[in-house]
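Beneath this line is the structure, given in structure tokens, with notes to follow.
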Amino acid sequence: MSLKIKLPDGSIKEFEGQIDVLEVARSISDGLANAALAGIVNGKKVDLNHKIDSDAEVSIITFKSEEGPEIFWHSTAHLMAQAVKQLYPDVKVTIGPAIENGFYYDFDRDKAFSEEELVKIEDKMKELSKQKLPYSRKEVSRNEAIEIFKEMDEPYKLEILNEIPEDETLSLYTQGDFTDLCRGPHVTHTGKIKAFKLLRSSGAYWRGDEKNKMLKRIYGISFPSKKDLKVHLNNLEEAKKRDHRKIGKELDLFSINDEIGAGLVLWHPKGAMIRHQIESYWKEQHLAYDYNLVYTPHIGKGTLWETSGHLHFYKDGMYDSMEMDGIDYYVKPMNCPFHIMIYKSSRRSYRELPYKMAELGTVYRNELSGALHGLMRVRGFTQDDAHIICTPDQLETEVEKLLDFSLMILKKFGFNNFDIYLSTKPEKAVGEVEEWDKATESLKKAIEKHGLEYKVDEGGGAFYGPKIDIKIKDALNRSWQCTTIQFDFNLPTRFDMDYIGSDNQPHRPYMIHRALLGSIERFFGTLIEYHAGNFPVWLCPVQVKVLPIADSVNEYGQEVLAKLKAAGIRAEIDTRTEKIGYKIREAEVSKIPYMFIIGGKEAEADSVSVRRHTKGDLGILKVEDAIKSVLEDEE
RNA sequence: GCCAACGUGGCUCAAUGGUAGAGCAGCUGAUUUGUAAUCAGCAGGUUGGGGGUUCGAUUCCCUUCGUUGGCUCCA
């Protein structure tokens, strides 16, 4: 956050860090005569040493804060907690932060909050908002805080307080009869919160740990005005329309069948055609970039998974073993061990490195039933997996190439907006610190070389290495991880991988796992939502629909169809005896990008009337020209 | 797995403690049509599965499976 304000004497002051700007704003807007203009920066009160008159001109020049709405949401969370405590005094409060899209507050209560109760809470919040209760800050020592929350009988707050060092000073925020332990900042008073909506209630484990008690969480969103709220709720409605599950059904792309099993996807002909296009492109590009395409089995012996460590670290995620000839086999949850075995199938020289293997490898993971979500989280999926085995010297170049390659592929699918995350060493990790540093640095350099913005997830790496993740957002603004580029300091050692260097000595290679699309299923889901089913032309299962106006031109229609097919375009013809409006509607609903409409006029002039999906009639073109424009659109 | 909500013909949805109805899709016939729905007829459901309460349940209860929203996890 940064704050820049202009004082009455014309001087400008700037602040960085966590600023309780609203505290500042209050001093200004309330126009307290001769009030000291003060703010809170990084939790400390800052006196700006300026006495101002009630009508003095103090203006905020810039106030930048990524967490801008979060302050607002967090204040709303407090307001909600106050309402809940007033309505249900026995409920214990826990925590209630702002999140990416709104806020939540977790309460300890036996019963879940019903929809009617949410409405009741909303009404109470409205009431409290009208009272314009100021949020006041008070600083206390930890021990004072403990006394206060003991008095209030809030065990969760006490649990938090007990973990805080004794000499720490804490802040409490109080509005009306409600006090919460909170770092702040907050809006000035509850009256600022004019529009809010409690969206849903759900269960959530205390501190996110399934061993703990399941609390009852309420999610909500708020805005300074009713209009903003309306726009937001409207956006949510719009977003639902592009839900991949809905579009997948409407366009007959895929299904998930109860009788087969949860999280197991059936790709229908149209979805399969899109997948075929994705995979063909993927293979073509990998070959062009010196990857070796490989195929590996779906199951492997238990001993293999013991060596890899999966049976130790990942057993819960694996399907149970099956026995054959007294030996346990497991369905693969990952492809790595197989690729490693290909690498190890012969002595490798440094001259062979980097050695790259890529496979569209189908894996099965036992995801929790409650976590399954359309194509986004399934139990059987195909990763576009690759492993790059290289020397330490090659690391940086390889990472850079990889990022280039990833971005090129994502762009081809029309993705231009995504979030990039760099995840660094967690506390528990294998490998040397220097190795981690070197690898992390090379990842960072690669991103920065592209001038890309990224967020650092400190300690968010896997235990076996740092990684870059690229996430794409879906219709409901949830982000889904697609691309992942991960280092691995674990498997090369576990499998005792080596290569013979120029010094004729064996050396341990570096290994990079990467998936660009992530899984074909999730990628497809994201693709559907991103384009709302209006896929780029090169992916469309049917690119052109030929629509004869009457039976009399069906024959000409067939000729046009043949020409389209000869040009390599996926085309169909609709020769049913229906009105043209009906045929067009069907093609539009199916989101077919091009309609070639033909009647007597077109048949005579060797032409077609071109209609583009969502754009309408583009006029009459010679068949060859029409075909050419479709082909151009493919790129 | 946990906390909730939901589960009616292929799809979208309606109805009731007395045993299910519409639109779309499908089928049949008529219509030969100029840029987003031609008309008519037909067929289709033991209301996710199992159990219970009841004279009677799809409607109430239990259980199971699944879906949805979260928690957790992750591609």
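Values below: all heavy atoms of this structure, side chains included; hydrogens, waters and symmetry mates excluded. Just so it is clear, the structure is predicted and the values come from calculations on it, not from any experiment. Chain letters run A, B, ... following the sequence lines, proteins first, then strands; residues in each count from 1.
Looking at A:Gln285 and A:Tyr291, their side chains never bring a donor and an acceptor atom within 3.5 Å of each other.
When heavy atoms are screened at a 4.0 angstrom cut-off, A:Ala262 is found touching the sugar-phosphate backbone but no base atom. Within 4.0 Å (heavy atoms only), A:Val378 reaches at least one base atom of the nucleic acid. Within the 4.0 angstrom heavy-atom criterion, only backbone atoms of the sugar-phosphate kind lie near A:Arg200; the bases stay farther away. Using a 4.0 Å heavy-atom criterion, one finds that A:Ile549 contacts the bases of the nucleic acid, with or without backbone contacts as well. As judged by a 4.0 angstrom heavy-atom cut-off over every strand, A:Glu578 is placed among the base-contacting residues. Within 4.0 Å of A:Gly581, counting heavy atoms only, lie sugar-phosphate atoms of the nucleic acid but no base atom. A:Gly600 comes within 4.0 angstrom of a base, heavy atoms only. Residue contacts for A:Gly203: at a heavy-atom cut-off of 4.0 Å it reaches a base atom on one of the strands shown. At the heavy-atom level, A:Gly599 lies under 4.0 Å from base atoms of the strands shown.
With A:Arg217 contributing its side chain and A:Ala204 its backbone, the two residues share no donor-acceptor pair below 3.5 Å. Side chain of A:Glu122 to backbone of A:Val119: no donor-acceptor contact under 3.5 angstrom is found.
With a cut-off of 3.5 Å on both Watson-Crick or G-U wobble distances, the partner of B:rC13 is given as B:rG21.
Side-chain nitrogen and oxygen atoms of A:Arg245 include at least one within less than 4.0 Å of the OP1 or OP2 phosphate oxygen of B:rU68. Under 4.0 angstrom from either OP1 or OP2 of B:rG69 there lies at least one side-chain N or O belonging to A:His373. For the OP1/OP2 pair of B:rA25 and a distance below 4.0 Å, the side-chain nitrogens and oxygens of A:Tyr582 include at least one atom meeting the criterion. Look at A:Tyr205 and you won't find any side-chain N or O under 4.0 angstrom from OP1 or OP2 of B:rG70. The side chain of A:Gln481 contributes no N or O atom lying less than 4.0 Å from OP1 or OP2 of B:rC74. For B:rA75, the OP1/OP2 oxygens have no side-chain nitrogen or oxygen of A:Thr484 closer than 4.0 Å.
Distance from the side chain of A:Lys249 is smallest to B:rC11 among B:rC11, B:rG69, B:rG1. Checked against B:rG70, B:rA75, B:rG34, the side chain of A:Arg217 finds its nearest nucleotide in B:rG70. Among the nucleotides B:rA75, B:rC3, B:rG1, the one closest to the side chain of A:Glu210 is B:rG1. With B:rG34, B:rA36, B:rG70 as the candidates, the nucleotide lying closest to the side chain of A:Tyr219 is B:rG70. Listed nucleotides: B:rG34, B:rC74, B:rU38. Nearest to the side chain of A:Ser609: B:rG34. Residue A:Ile597 has its side chain nearest to B:rU35 when only B:rU72, B:rU33, B:rU35 are considered. Checking B:rG34, B:rA4, B:rA75 against every side-chain atom of A:Glu602, the shortest atom distance belongs to B:rG34. When the nucleotides B:rA36, B:rG34, B:rC3 are ranked by their closest atom to the side chain of A:Ser202, B:rC3 comes out on top. Side-chain atoms of A:Thr577 lie closest to B:rU31 of the nucleotides B:rU35, B:rU72, B:rU31. Distance from the side chain of A:Gln486 is smallest to B:rA75 among B:rA75, B:rU72, B:rG34.
Atom CG in A:Asp457 sits roughly 12 Å away from atom P in B:rC74 (whole-Å rounding). When rounded to the nearest whole Å, the span between CG of A:Leu372 and P of B:rG69 equals 11 Å.
Put simply, the residue from A:Gln383, A:His387, A:Gln486 that forms a side-chain hydrogen bond (donor to acceptor under 3.5 Å, both in side chains) with A:His513 is A:His387.
Judged by distance alone with a 3.5 Å cut-off, no donor-acceptor contact links the side chain of A:Arg109 to the base of B:rC3. The base of B:rA36 is paired with the side chain of A:Arg611 by a donor and an acceptor separated by under 3.5 Å. If you check distances only, the side chain of A:Glu367 does reach the base of B:rA75 with a donor-acceptor pair under 3.5 Å.
For A:Lys213 and A:Asp108, the salt-bridge test passes: some basic side-chain N is under 4.0 Å from an acidic carboxylate O.
Relative to the ring axis of A:Tyr205, A:Arg207 does not place its NZ or CZ within 45° and under 6.0 Å from the centre.
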